[in-house]
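This is a predicted model, so every value here is computed, not measured. Each chain gets a letter, A, B and so on, in the order its sequence line appears, and its residues count up from 1.
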2 protein chains.
Amino acid sequence: MDRIDVKILSYLQEDCRMPISTLADKVGLSTSACHRRIKLLESGGQISGYVARLDAKALGYSIEIFVEITLHSQSEDTLEQFEIAVQKAPEISECHLMAGQADYLLRVVAQNVADYEQIHRNALSRLPGVAHMQSSFSLRTVRPWAGVPVIQR
Amino acid sequence: MDRIDVKILSYLQEDCRMPISTLADKVGLSTSACHRRIKLLESGGQISGYVARLDAKALGYSIEIFVEITLHSQSEDTLEQFEIAVQKAPEISECHLMAGQADYLLRVVAQNVADYEQIHRNALSRLPGVAHMQSSFSLRTVRPWAGVPVIQR
DNA sequence: CAATAAAATCGAATATTATTCCAATAATCT
DNA sequence: AGATTATTGGAATAATATTCGATTTTATTG
């Protein structure tokens with residue numbers, strides 16, 4: 001992982017469809033050398049995949065909500081049951097086990113407020129072990145997720 | 001946006017490097033028809049780009065923190081100054097203007113606790129207008145961001 | 001319901017890009 | 001310095017994307 005690898009990663013994190021020859025120019029390498037480095041970053045696990053970024057708004061998802069979840073207990077079994085249920089709920093876009101106040105932080109996208117109400121009632125509140133939920137609505141995304149900061153420090 | 005488009009989107013959201021011919025098979029179309037639909041989804045804005053997904057752990061970023069920010073005031077000027085500063089801080093991976101308790105929700109990834117302390121002191125606490133910050137650490141990602149839920153409802 | 005128009009599809013030809021391979025160069029080690 | 005190893009560059013090949021015209025399907029209208 002030298003300076004060139006960092007450049008490669010940050011370009012690919014922005015646009016992974018650019019031809020290797022173009023990327024090679026940007027980082028100052030030949031196509032084949034650049035290609036080899038990319039393959040090493042893939043097999044080394046630094047690059048975990050290539051995905052299309054979808055526009056939530058364009059797909060009709062206009063609101064985004066962060067939900068803090070507190071469970072009845074923090075027993076291993078309670079946590080496990082909760083997590084199994086989370087994996088099965090497509091409405092939940094993301095889930096973290098947290099230190100501090102709440103036990104879990106969920107992230108949900110919904111078509112509109114009515115849609116969210118439905119998700120809240122039919123999916124979230126039915127998750128096993130939930131004692132308390134607090135929803136926080138995102139009014140506007142100031143800075144969308146731009147990936148892992150591959151900066152040299 | 002019919003059922004086939006939905007399939008295309010959800011496959012591409014998982015893996016955008018698969019050959020169009022492979023994707024075409026999966027959705028039951030010829031290569032050229034599938035190609036045409038993809039181009040329409042791109043120009044229609046449903047697909048906003050193609051990016052490499054980097055593995056934060058593999059790049060040495062072992063911790064992830066959600067930071068709730070409360071500002072001194074909610075005047076337009078205060079908000080604007082804050083947001084301008086956020087855009088310039090590469091340490092901040094994501095930022096939302098929120099309804100409810102806190103004014104903003106930030107997301108930060110850091111190499112370790114010492115690294116985060118440094119970010120907290122040198123970057124976050126120097127953002128203009130900050131009255132209060134509350135950091136919540138993710139202990140484990142139960143379910144990583146899997147994209148916009150392109151399910152038929 | 002039939003006739004027409006519009007849109008979507010398919011398969012083949014072409015263009016672009018990825019991948020492989022080997023000789024040459026640069027970096028590392030003793 | 002000399003030997004060894006890793007990295008690079010360029011050309012040949014393989015794979016994939018893109019284009020195009022003919023055909024089929026779907027939608028529209030009288």
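Cation-pi geometry between B:R17 and A:Y50 is met: the NZ or CZ atom falls under 6.0 Å from the ring centre, inside 45° of the normal.
Here D:dA17 presents its P atom at 11 Å from CG of B:L12, a figure rounded to the nearest Å. Per the geometry, CZ belonging to A:R36 stands 17 Å off P belonging to D:dG10, to the nearest Å. At whole-Å resolution of the value, NE2 in B:H35 and P in C:dT16 are 13 Å apart. Straight-line distance from the CD atom of A:E42 to the P atom of C:dA18: 11 Å, rounded to whole Å. Between the CG atom of A:L40 and the C1' atom of C:dT20 there is a distance of 15 Å, given to the nearest Å. Rounded to an integer number of Å, the gap from A:K39 NZ to D:dT7 C1' is 18 Å. Here D:dA17 presents its C1' atom at 13 Å from CG of B:L23, a figure rounded to the nearest Å. In this structure, A:I20 places its CD1 atom 15 Å from C1' of D:dG9, rounding to the nearest Å.
Backbone-only engagement by B:R37 is indicated by non-hydrogen atom pairs under 4.0 Å involving sugar-phosphate atoms exclusively.
No hydrogens or angles considered: nothing links the side chains of A:S21 and A:T31 as a donor-acceptor pair under 3.5 Å.
If you check C:dG11, C:dT9, D:dG9 against the side chain of A:L29, the one that comes closest is D:dG9. Taking every side-chain heavy atom of A:T31 into account, C:dT19 is the closest of C:dT19, C:dG11, C:dT17.
Taking the six-membered ring for Trp and the full ring otherwise, the centers of A:Y116 and A:F137 sit less than 6.0 Å from each other.
On a pure distance criterion of 3.5 Å, no polar donor-acceptor pair joins the side chain of B:S30 and the base of C:dG11.
Along DNA chain D, the nucleotide closest to B:R17 and the one closest to A:A33 are compared, and the more 5′ of them pairs with A:A33.
Put simply, NZ on B:K7 and CG on B:D2 are 10.5 Å apart, with the number rounded to the nearest 0.5 Å.
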